[in-house]
Amino acid sequence: MDISFALKKHLYKALSSVKQEYLKKSYKIDFVVEKPQIKEHGDYSSNIALQVSRGLNKNPEEIAKIIIKNLELPDFIKNVSFKKPGFINFFLSDQWLQENLKSILNKENNYSKKENFNKKIQVEFVSVNPTGNLHIGHARGAVIGSTLSNLLETQGFQVNREYYINDAGNQIDLFTESLYVRYMNLFNNNLPIPENGYEGKELEEIAEQIKSENYEKFTKISKKEALIHLKKIGIKQILNNIKNDLIELGVEYNSWFSEKSLIKSGEFKETINILKKKNLVFEKDGATWLDSKKLGDDKNNVLIKSDGGAPTYFATDIAYHKNKFLTRNFDTVIDIWGADHHGHIKRLSDALKALGIEKNRFVVILNQIVSLKTKSSMTKFSKRKGTSIPLKELIEEVGKDACRYNFLSKSPESQIEFDLDISKKKSNENPVFYVQYAHARMNSIIEKSKNFNFSKSTSNLKLLTHDSEIEIMKKLSEFPEILRFSSEKLEVHRLPQYTLELSQLLQKFYEECRVLPEKQEDYETSKSRLDLIKASKLILSETLSIMGMESPNKM
RNA sequence: GCGCUUGUAGCUCAACGGAUAGAGCGCAGCCCUGCGAAGGCUGAGGUUGUGGGUUCGAUUCCCGCCAAGCGCGCCA
């Protein structure tokens with residue numbers, strides 16, 4: 001059960017009585033139910049009275065009393081109180097918390113899986129050009145995207161995880177040119193890498209591989225023909241590398257969507273035609289333009305280039321998103337982009353609006369660029385120049401879970417300075433190990449408990465009255481709202497925070513309360529405590545699994 | 001120059017307009033003949049970049065300034 005959601009509903013109901021006395025219908029009420037920072041302020045509290053009294057010329061205390069009087073007390077609340085300047089504070093019932101443990105253990109709560117309400121949502125992330133291997137900077141979007149997808153699934157959405165492959169356009173041509181040079185230079189040529197070409201080491205490796213499979217075959221044909229072959233082989237190999245690196249990071253997709261397929265299928269042309277019919281397209285200087293100014297932009301954008309009629313990235317992206325919304329019918333599309341693409345958001349969403357797609361169906365999460373900190377300076381990652389730490393290396397050195405936890409615990413808009421030396425050195429002190437250690441510790445107790453002869457009768461959860469036991473039960477009861485809240489706000493960084501908080505409580509409990517029995521009269525307490533840590537282990541590992549991380553039983 | 005994002009403890013980051021701004025790391029001290037010390041407890045450490053404004057209440061919203069990152073291509 002989602003406690004704060006339920007409380008909010010109760011408060012709304014009680015509010016109607018206040019309404020009859022004081023409120024005009026038009027008055028908008030915006031209040032929250034939240035967890036206070038100070039224990040004395042209860043387990044939950046609401047500012048409803050303060051919000052209602054605003055502009056009403058009534059004392060918040062008076063409002064609060066009316067609300068409290070008319071409040072139907074739910075079974076999970078043992079006490080409600082008023083506190084100046086106008087807060088209503090709620091205290092959870094211990095008995096309810098104990099009952100709640102049972103439902104966690106019986107999984108009768110559908111603790112995370114809600115019933116399907118048939119909403120299709122797509123999360124598109126990473127979508128890096130297949131022109132080089134992934135590096136640290138890409139890990140951030142990958143981790144956020146995959147976790148967000150898992151999270152949305154717990155809320156009953158049908159989630160599609162997609163990678164958009166930019167396999168058309170001139171970055172690909174540059175890549176192919178660069179690969180061609182690498183290949184040719186293996187045969188005693190000394191060609192320079194083209195200007196703005198790709199200098200990454202992986203191109204050398206691919207060139208070597210092509211050589212070992214095809215020998216000098218592609219040196220014997222025209223450059224034009226060779227490029228066609230190399231492009232195909234190169235893209236395939238790079239995509240393969242990308243896929244494998246992502247799997248190592250715990251990221252898997254439901255679909256891989258090719259940019260080229262939009263051209264082939266005619267959907268690109270169709271999209272342009274729709275825009276033409278809306279009188280939003282014009283020709284100038286040999287190029288085809290979108291009249292973005294009409295849509296509210298301050299400048300127009302090219303759709304089809306003057307040199308040879310190739311579409312721009314912008315143009316195919318409109319077609320791609322038209323495909324998402326109008327062909328595949330996703331209710332909502334979430335794109336996770338690096339912050340360097342933010343200039344693209346407005347013009348794309350304007351174009352989508354012109355296609356009749358409501359604005360709120362298209363959401364972009366921008367994650368700020370990750371920069372690399374070294375002893376002397378900050379280096380920007382560049383795939384083109386090959387100046388970055390490959391994702392593969394990062395995972396090998398730091399580990400998948402530490403890497404995921406690290407990126408997940410920071411909100412996307414924070415600018416991360418990645419210090420590889422510290423990440424490597426301090427890997428043992430990373431909070432991820434603290435959390436996993438708590439899990440392993442609880443498991444170890446559960447394993448050991450199998451050596452004891454506990455009676456088969458159900459445990460008496462009323463015995464769980466110690467402070468640290470109550471605190472754990474409260475934290476567990478928070479889980480559904482953590483999921484709902486993170487999912488509504490699309491904020492995955494609340495999940496690692498939750499695992500840390502729960503782990504802290506478990507470690508404290510471990511110090512203060514012994515679980516396994518030492519003498520006969522301990523057995524009943526032991527049984528109830530075992531249930532407590534079993535439920536905790538379940539929730540902890542559930543959260544870790546949403547975060548794409550392991551829940552080790554041993555470390 | 002214009003636009004977007006950010007500025008919180010020594011470091012990395014939290015805080016749905018709420019009450020005494022919190023964690024991890026690092027630092028100082030204490031705690032294992034008892035379920036895993038990868039742990040627990042205690043402590044030091046903050047004018048939330050800065051100056052105004054709105055509000056019963058501002059780290060949060062608005063405006064100015066300072067600083068950082070990104071963007072302003074017929075690149076993607």
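Numbers restart at 1 for each chain; the letters A, B, ... are given by sequence-line order, proteins then strands. Keep in mind that this is a model prediction, so the values were computed, not measured.
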Q | Stepwise side chain to side chain donor-acceptor pair (under 3.5 Å) test for A/Arg441 and A/Gln507 | A | CA-CA 9 Å; A/Arg441 221 178 197 185; A/Gln507 305 279 29; 2.6 Å; yes
Q. Taking a pair as Watson-Crick or G-U wobble with both distances under 3.5 Å, which nucleotide is matched to B/rC72?
A.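 Its partner is B/rG1 (Watson-Crick or G-U wobble, both distances under 3.5 Å).
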Q: Please work out if A/Ala287 contacts a base, only the sugar-phosphate, or nothing of the nucleic acid, heavy-atom cut-off 4.0 Å.
A: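 Result for A/Ala287 = base.
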Q: Would you give a per-nucleotide map of nucleotides 27-33 of chain B, 5' to 3', where B means the base has a protein non-hydrogen atom under 4.0 Å away, S means only the sugar-phosphate does, and - means neither?
A: -------
(Q) Can you check the distance between B/rC13 and B/rU8, where both ends of the measurement are the P atom (answer in whole Å)? (A)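 These two P atoms come out 9 Å apart once rounded.
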Q: Indicate whether the side chain of A/Ser4 and that of A/Arg484 have a donor and an acceptor atom separated by less than 3.5 Å.
A: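 A donor-acceptor contact under 3.5 Å links the two side chains.
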(Q) Distance check, P atoms only: B/rG17 and B/rC74, in whole angstrom units. (A) 39 Å
Q: Assign A/Asp297 to base, sugar-phosphate, or nothing according to its heavy-atom contacts below 4.0 angstrom with the strands shown.
A: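 Counting heavy atoms under 4.0 Å across all strands, no contact is made by A/Asp297.
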Q. If you look at every strand shown and take non-hydrogen atoms under 4.0 Å, does A/Ala310 touch a base, only sugar-phosphate, or nothing?
A. nothing
(Q) Please classify the nucleic acid contact of A/Asp285 as base, sugar-phosphate, or nothing, using heavy-atom distances under 4.0 Å. (A) base
May I have the list of side-chain donor-acceptor pairs in residues 510-518 of chain A shorter than 3.5 Å, sequence neighbours left out?
residue  : atom : partner  : partner atom : Å
A/Arg514 : NE   : A/Leu516 : O            : 3.0

Q) Of all residues at least two apart in sequence or in a different chain, which pass the salt bridge (charged side-chain N to carboxylate O under 4.0 Å, His left out) check with A/Asp340? A)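 Partners of A/Asp340 under the salt bridge (charged side-chain N to carboxylate O under 4.0 Å, His left out) test: none.
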Q. Would you say the side chain of A/Ser306 and the base of B/rC74 hold a donor-acceptor pair, judged only by whether the two atoms sit under 3.5 Å apart?
A.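 Side chain to base: pair present.
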Q. Can the ring centroids of A/His344 and A/His341 be said to lie less than 6.0 angstrom from one another?
A.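 No; A/His341 has its ring centre 6.0 Å or more from that of A/His344.
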Q. In the strands shown, is B/rG64 matched to any nucleotide by a Watson-Crick or G-U wobble pair with both distances under 3.5 Å, and which?
A. B/rU50
Q. What distance, rounded to whole Å, do you find between the two P atoms, one in B/rC62 and one in B/rG7?
A.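 Their P atoms lie roughly 13 Å apart.
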Q: Look through every strand shown and name the nucleotide pairing with B/rG43 as Watson-Crick or G-U wobble, where both distances are under 3.5 Å.
A: B/rC27
**Q.** Partner nucleotide, any strand, of B/rU33 [Watson-Crick/G-U, under 3.5 Å]
**A.** none
Q) side chain to side chain donor-acceptor pair (under 3.5 Å) between A/Asn166 and A/Glu259: does it pass, once the steps are laid out? A) CA-CA 5 Å; A/Asn166 290 111; A/Glu259 179 185 9; 3.3 Å; yes
Could you go through nucleotides 66-68 of chain B and list every protein N or O atom that sits under 3.5 Å from one of its N or O atoms, giving the distance for each pair?
none

Q | Spacing of the P atoms in B/rA44 and B/rA21 (rounded, Å) | A | 14 Å
Q: Name all residues meeting the ring pair (Phe, Tyr, Trp, His ring centres under 6.0 Å) criterion together with A/Phe509; count only those two or more places apart in sequence or in a different chain, and write none if there are none.
A: none
Q: Verify whether the ring centers belonging to A/Tyr164 and A/Tyr320 lie closer than 6.0 Å.
A: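 Centroid separation for A/Tyr164 and A/Tyr320: below 6.0 Å.
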Q) When only distance counts, do a donor and an acceptor, one from the side chain of A/His341 and one from the base of B/rG71, lie under 3.5 Å apart? A) no
(Q) Applying the Watson-Crick and G-U wobble criteria at under 3.5 Å, what pairs with B/rC56? Answer none if nothing qualifies. (A)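 Check on B/rC56: paired to B/rG18, both distances under 3.5 Å.
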Q: Ignoring hydrogens and angles, tell me if any N or O in the side chain of A/Asn300 forms a donor-acceptor pair with the backbone of A/Lys293 under 3.5 Å.
A: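 Yes: the side chain of A/Asn300 pairs with the backbone of A/Lys293.
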Q | Whole-angstrom distance between B/rU6 and B/rG49, as gauged at atom C1' | A | 11 Å
Q: Quick one, give me the B/S/- string for nucleotides 14-24 of chain B, reading 5' to 3', where B means a protein heavy atom under 4.0 Å from the base and S means that only happens at the primed atoms, P, OP1 or OP2.
A: SSB-BBBSSSS
Q: Go through B/rG3, B/rC74, B/rG36 for me and flag the one nearest to the A/Tyr510 side chain.
A: B/rG36
Q | A/Asn170 side chain near B/rA76 phosphate (N/O to OP1/OP2, under 4.0 Å) | A |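 Checking B/rA76 against A/Asn170, a side-chain N or O does come within under 4.0 Å of OP1 or OP2.
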Q: For residues A/His321 and A/Phe362, establish whether the separation of their ring centroids is below 6.0 Å.
A: yes
Q: Indicate yes or no for a side-chain donor-acceptor contact from A/Glu202 to the backbone of A/Asn133 under 3.5 Å, with no hydrogens or angles considered.
A: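 Looks like yes, one N/O pair under 3.5 Å.
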Q | Centroid-centroid distance, A/Phe87 to A/Tyr44, less than 6.0 Å | A |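 A/Phe87 vs A/Tyr44: aromatic centres not under 6.0 Å.
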Q. Quick one: is B/rG73 close enough that its OP1 or OP2 comes under 4.0 Å of any side-chain N or O from A/Lys305?
A.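 The answer is no; no side-chain N or O of A/Lys305 sits under 4.0 Å from OP1 or OP2.
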Q: Indicate whether any N or O donor in one side chain lies under 3.5 Å from an N or O acceptor in the other, for A/Gln436 and A/Tyr405.
A: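 Result is no, nothing qualifies.
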Q) Which part of the nucleic acid does A/Arg529 contact within heavy-atom distance under 4.0 Å: base, sugar-phosphate only, or nothing? A)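 Contact class for A/Arg529: none.
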Q. Distance between the C1' atoms of B/rG39 and B/rC56, in whole angstroms?
A.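 Comparing C1' positions in B/rG39 and B/rC56 gives a spacing of 45 Å.
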